[in-house]
J.: 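Take a look at the following structure, please.
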Amino acid sequence: MANLTIYQPEILFLRAQILTRYCDTFGYEFDSYCQRLTGTLKHYEHICEVMQEEVNQHEKLVRYLALIQNKALQNSLKRQIGATETEQKLFLRKHINSLSGSVLRKLIFEGQNETSQGYKDSFIQICYLYIEKERSEFLVNDFQIEKQDGTIPPFGYAPKPLSNGTVPVFQKASSFSLTPLKSTEDSIAEGKSALVFKGNKIQLNRGNLDKTNATITSKIQAEIRLENGEWVLVNESQLRTTFIQVNGPIKIKKGDIVVFGNQRFLFED
């Protein structure tokens with residue numbers, strides 16, 4: 001089995017998707033469950049059992065085949081769906097064996113604070129099978145892969161050729177930083193430092209911004225992504241508590257919420 005290096009945007013994406021599906025299965029409220037989640041192994045062993053049981057279903061493979069576009073992965077799944085029961089069990093066992101409570105703890109608990117992590121490619125594939133998403137689609141929208149010693153490019157993904165017809169093998173991810181400030185001053189908050197994020201699309205939450213700040217959701221507060229060479233901020237908070245301090249002229253439109261002091265106002269023209 002090959003090794004893959006995944007970066008913070010994908011770590012946070014997989015974490016949120018896996019926990020959301022797990023919480024939906026048992027009717028847990030996402031934010032409250034994540035707040036209770038610690039590094040205790042038994043939490044992740046149970047998530048592992050749920051994932052193993054679900055991906056071991058023939059119907060799951062059929063549904064996943066219907067939604068993916070990657071030809072190599074399609075052909076692989078078609079072979080497994082048409083295989084004998086014994087061959088299917090061998091295929092699933094190969095992938096399920098890479099899934100364990102300790103590996104999930106590494107992704108879900110430790111991954112919040114790490115810029116990159118290494119995994120077996122079969123583990124990453126089983127994660128995407130569980131959440132029923134196609135990895136190559138995620139990587140096309142957020143191309144962040146860099147080759148490291150002992151790792152290989154992601155399975156099932158071919159970078160687009162450049163205008164001169166050559167194919168870039170690796171591409172360095174874009175990056176930006178967020179520096180925590182004092183509440184009343186434009187100076188760095190005591191005990192804090194700049195947070196550096198790599199990637200073209202970063203999902204932000206309490207885990208990667210400020211673990212002790214309960215006003216930031218533990219799900220997804222906002223997303224910062226690169227579009228046509230410019231950074232774009234998108235609110236993802238259900239309470240819409242993502243704001244930009246106005247330091248110069250800024251365009252506003254009907255329906256925008258403007259905050260003056262601590263009072264919110266609806267703008268209409």
Side-chain angles (χ1 to χ4, degrees), residues 4-17 19 31 34-35 37 39 106-119 135 138-149 151 153-154 159 168-252 256-259:
L4 294 176
T5 296
I6 64 173
Y7 294 85
Q8 191 176 62
E10 191 169 12
I11 294 171
L12 296 178
F13 171 77
L14 287 174
R15 177 185 187 275
Q17 292 289 324
L19 289 179
D31 282 348
C34 290
Q35 289 172 4
L37 198 59
K106 174 183 173 183
L107 173 72
I108 295 172
F109 185 71
E110 300 171 9
Q112 300 177 81
N113 303 311
E114 297 184 358
T115 57
S116 65
Q117 291 183 324
Y119 294 100
R135 184 174 188 240
F138 172 84
L139 293 173
V140 167
N141 294 326
D142 190 346
F143 188 35
Q144 56 184 316
I145 302 302
E146 300 177 73
K147 185 172 183 180
Q148 308 287 335
D149 291 340
T151 68
V169 181
F170 308 108
Q171 175 175 323
K172 185 174 179 58
S174 301
S175 65
F176 65 88
S177 67
L178 296 172
T179 303
L181 302 177
K182 294 181 179 179
S183 58
T184 58
E185 301 177 23
D186 290 343
S187 57
I188 300 177
E190 187 175 352
K192 303 291 185 178
S193 59
L195 307 172
V196 179
F197 300 90
K198 291 184 178 181
N200 295 335
K201 184 170 62 176
I202 306 295
Q203 292 179 331
L204 303 167
N205 61 16
R206 187 187 309 155
N208 61 2
L209 289 174
D210 186 347
K211 288 184 176 181
T212 62
N213 191 334
T215 67
I216 303 174
T217 179
S218 60
K219 198 171 183 180
I220 302 177
Q221 174 77 33
E223 180 177 277
I224 294 180
R225 60 177 180 245
L226 191 62
E227 292 184 358
N228 300 320
E230 295 182 332
W231 292 106
V232 176
L233 174 65
V234 181
N235 174 63
E236 297 289 353
S237 167
Q238 292 182 348
L239 298 178
R240 295 181 294 175
T241 53
T242 300
F243 306 99
I244 291 181
Q245 180 174 305
V246 177
N247 293 317
I250 186 171
K251 293 181 180 180
I252 56 176
D256 282 349
I257 302 295
V258 184
V259 181

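All values below come from the heavy atoms of this structure, side chains included, with hydrogens, waters and symmetry mates left out. If you read the sequence from its start, that first residue is 1, and numbering goes on from there. Not measured: the values here are computed from a predicted model.
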J.: Roughly how far, to the nearest 0.5 Å, is the CZ atom of Phe176 from the CZ atom of Arg225?
T.: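 With rounding to 0.5 Å, CZ (Arg225) is 12.5 Å from CZ (Phe176).
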
J.: Once you round to the nearest 0.5 Å, how far does CZ of Phe197 lie from OG of Ser177?
T.: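 Here the interatomic distance stands at 9.0 Å.
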
J.: Of the non-hydrogen atoms in Ser218 and Cys34, which two are nearest, and what is the gap between them?
T.: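 It is OG-CB, 3.8 Å.
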
J.: CD of Glu227: more than 12 outside heavy atoms within 6.0 angstrom?
T.: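 Counting neighbours around CD of Glu227, more than 12 heavy atoms of other residues, nucleotides or ligands fall under 6.0 Å, so yes.
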
J.: Ignoring hydrogens and angles, tell me if any N or O in the side chain of Gln117 forms a donor-acceptor pair with the backbone of Lys106 under 3.5 Å.
T.: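 Checking the backbone N and O of Lys106 against the side chain of Gln117, a donor-acceptor pair under 3.5 Å is found.
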
J.: Go through it in stages, so that I can follow the logic: the residues are Gln35 and Arg206, the test is side-chain contact (heavy atoms from CB on, under 4.5 Å), and I'd like the CA-CA distance, side-chain angles, deciding distance and then a yes or no.
T.: CA-CA 10 Å; Gln35 289 172 4; Arg206 187 187 309 155; 3.4 Å; yes

J.: Have Gln203 and Asn205 got a donor and an acceptor in their side chains that come within less than 3.5 Å?
T.: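 No.
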
J.: To check you understand the geometry: which heavy-atom pair defines the closest contact between Tyr7 and Ser116, and what is its length?
T.: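 Looking at all heavy atoms of both residues, the closest pair is CD2-CB, 3.8 Å.
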
J.: Can a donor-acceptor pair be found between the side chains of Thr241 and Gln221 at a distance below 3.5 Å?
T.: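 Their side chains do contain a donor-acceptor pair, which is all the 3.5 Å distance test asks for.
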
J.: Which atoms form the tightest heavy-atom contact between Thr242 and Ser237, and what is the distance?
T.: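 Scanning both residues, the minimum pair turns out to be OG1-CB, 4.4 Å.
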
J.: Write down the atom of Ile108, the atom of Leu19, and the distance for their closest heavy-atom approach.
T.: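 It is CG2-CD1, 3.8 Å.
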
J.: Does some side-chain heavy atom of Lys198 sit less than 4.5 Å from a side-chain heavy atom of Thr115?
T.: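 Answer no - side chains too far apart.
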
J.: List the steps, then state whether side-chain contact (heavy atoms from CB on, under 4.5 Å) holds for Leu233 with Trp231.
T.: CA-CA 7 Å; Leu233 174 65; Trp231 292 106; over 6 Å; no

J.: As an exercise, state the distance from CD1 of Ile188 to CG of Leu181, rounded to the nearest 0.5 Å.
T.: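 Rounded to the nearest 0.5 Å, the CD1-CG separation comes out at 7.5 Å.
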
J.: Please report the interatomic distance CG(Leu37) to CZ(Arg15), rounded to the nearest 0.5 Å.
T.: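 Atom-to-atom, Leu37:CG and Arg15:CZ are 7.0 Å apart.
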
J.: Return the CG to CG distance between Asn208 and Asn113, rounded to the nearest 0.5 Å.
T.: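 So the CG of Asn208 and the CG of Asn113 are separated by 8.5 Å.
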
J.: Given side chains that start at C-beta, do those of Leu178 and Leu209 come closer than 4.5 Å, heavy atoms only?
T.: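 In short, these two side chains touch, coming nearer than 4.5 Å.
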
J.: Give, for atom CD1 of Ile202 and atom CG of Leu12, the distance between the pair rounded to the nearest 0.5 Å.
T.: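 Rounded to the nearest 0.5 Å, the CD1-CG separation comes out at 7.5 Å.
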
J.: Identify the two heavy atoms, one from Ile6 and one from Tyr119, that lie closest to each other, and give their separation to 0.1 Å.
T.: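 It is CD1-CE1, 3.8 Å.
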
J.: For a 4.5 angstrom cut-off between non-hydrogen side-chain atoms, does Lys201 reach Phe13?
T.: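 They are not in side-chain contact.
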
J.: If you apply the rule side-chain contact (heavy atoms from CB on, under 4.5 Å), what do you find for Asp210 with Lys192, and how did you get there?
T.: CA-CA 10 Å; Asp210 186 347; Lys192 303 291 185 178; 3.7 Å; yes

J.: Around atom CD of Glu110, are there more than 12 heavy atoms of other residues, nucleotides or ligands at under 6.0 Å?
T.: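 Atom CD in Glu110 is crowded, with more than 12 foreign heavy atoms closer than 6.0 Å.
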
